Amino acid sequence: MKEQEWYHDRMYEMRRALAQEQERLTDKAKQLEERMQLVDAMDGLLAENSKQQAEIETLRQQLSDKNQQFAEEKERRQDLEMKLAEMSKLSAVMAKKASEEAVRNALQTYANTSKRKTVDKRTFAKTAILEIANVNGLTLPQDLAAIIECLDDEQPNPKVVNVAGNYNDIHDNATVNQK
């Protein structure tokens with residue numbers, strides 16, 4: 001019977017040792033699972049970090065482009081301010097050297113030739129003429145004032161007759177008689 005007890009004790013010790021080993025391995029498996037979750041979380045964070053780094057680089061490039069545009073616009077503005085200042089100086093010098101009648105005639109000629117230009121150029125011409133008149137303290141005749149006032153108005157495209165003789169409605173006629 002002692003032999004059976006000895007086997008029974010050995011089985012009991014073996015079972016207890018196996019249970020301990022099973023518990024140790026279960027704890028180890030839990031630790032490994034937690035480490036895997038940590039690695040997965042770190043992988044997600046690294047992917048998010050890469051995405052944000054790319055977005056930051058895109059924003060930096062956009063900022064650089066906007067700074068470049070701003071610098072160009074600033075330079076353009078300074079150039080226009082310089083031109084305006086020079087125009088004012090020129091008109092003041094011109095007024096000192098020329099009689100009022102000569103200035104009016106020059107402005108009349110400039111206004112008449114500006115009527116055939118683009119809207120932007122006509123608008124600039126109107127501004128320039130009014131600036132010159134203001135700086136020089138000129139009172140413009142009514143006919144010149146009327147021309148200047150209409151300079152920046154939208155004008156329809158002029159109708160033309162081409163060299164081949166085809167009619168392009170230059171006189172707003174609906175038909176053309178050809179013989």
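Note that the coordinates shown come from a computational prediction; the quantities given were computed from them, not determined experimentally. Along the sequence shown, residues carry numbers from 1. Heavy atoms only: backbone and side chains are in, while hydrogens, waters and symmetry mates are out.
A donor atom on one side chain and an acceptor atom on the other are found under 3.5 Å apart for Gln68 and Glu72. Side-chain contact of Asp27 with Gln31: a donor-acceptor pair under 3.5 Å is absent, judged by distance alone.
By the neighbour-count criterion of 12 heavy atoms within 6.0 Å, atom CD of Glu131 is densely surrounded, having more than that number from other residues, nucleotides or ligands. Counting heavy atoms of neighbouring residues, nucleotides and ligands inside a 6.0 Å radius, atom CD of Glu55 does not exceed 12 of them. Enclosure of atom CZ in Arg15 is not indicated, since only 12 or fewer non-hydrogen atoms of other residues, nucleotides or ligands lie within 6.0 angstrom. Within a 6.0 Å sphere centred on CD of Glu48, other residues, nucleotides and ligands contribute more than 12 heavy atoms. Within a 6.0 Å radius of CE in Met42, other residues, nucleotides and ligands contribute 12 heavy atoms or fewer.
Residues Arg116 and Thr113 form a side-chain contact, since some pair of their non-hydrogen atoms from C-beta on lies under 4.5 Å apart. For the pair Asp43/Val39, no side-chain contact is recorded, criterion being any heavy-atom separation below 4.5 Å from C-beta on. Side-chain atoms of Leu107 and Arg104, non-hydrogen and from C-beta on, never get closer than 4.5 Å to each other.
Taking 4.0 Å as the cut-off between side-chain N and carboxylate O, Arg77 and Glu81 count as a salt-bridged pair. In this structure, Arg76 pairs ionically with Glu73, as a charged nitrogen and a carboxylate oxygen lie closer than 4.0 Å. The pair Arg16-Glu13 fails the salt-bridge criterion, with no side-chain N (NZ, NE, NH1 or NH2) lying under 4.0 Å from an Asp/Glu carboxylate O. Ion pairing between a basic and an acidic side chain is recognised when a charged N comes within 4.0 Å of a carboxylate O; Lys30 and Glu33 show no such pairing.
Between atom CD of residue Gln108 and atom CD1 of residue Ile147 there is a gap of 4.5 Å, rounded to the nearest 0.5 Å. Summarising the geometry, atom NZ belonging to Lys115 is positioned 11.0 Å from atom CD1 belonging to Ile148; distances are rounded to the nearest 0.5 Å. With rounding to the nearest 0.5 angstrom, the OG atom of Ser64 is 10.0 Å from the CD atom of Gln69. Expressed to the nearest 0.5 Å, how far OG1 of Thr127 lies from CG of Leu84 amounts to 9.5 Å. Within the model, atoms CG of Leu18 and CG of Leu25 stand 10.5 Å from one another, a figure rounded to the nearest 0.5 Å. In this structure, CG on Asn49 lies 8.0 Å from CD1 on Ile56, to the nearest 0.5 angstrom.
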Hey, mind stepping through Val119 and Thr123 against side-chain contact (heavy atoms from CB on, under 4.5 Å) and telling me if it holds? CA-CA 6 Å; Val119 175; Thr123 301; 4.1 Å; yes
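What you find for Tyr110 and Ala128 is that their closest heavy atoms are CE2-CB, 4.4 Å.
Distance alone, capped at 3.5 Å, is enough to place a donor-acceptor pair between the Arg122 side chain and the Lys117 backbone.
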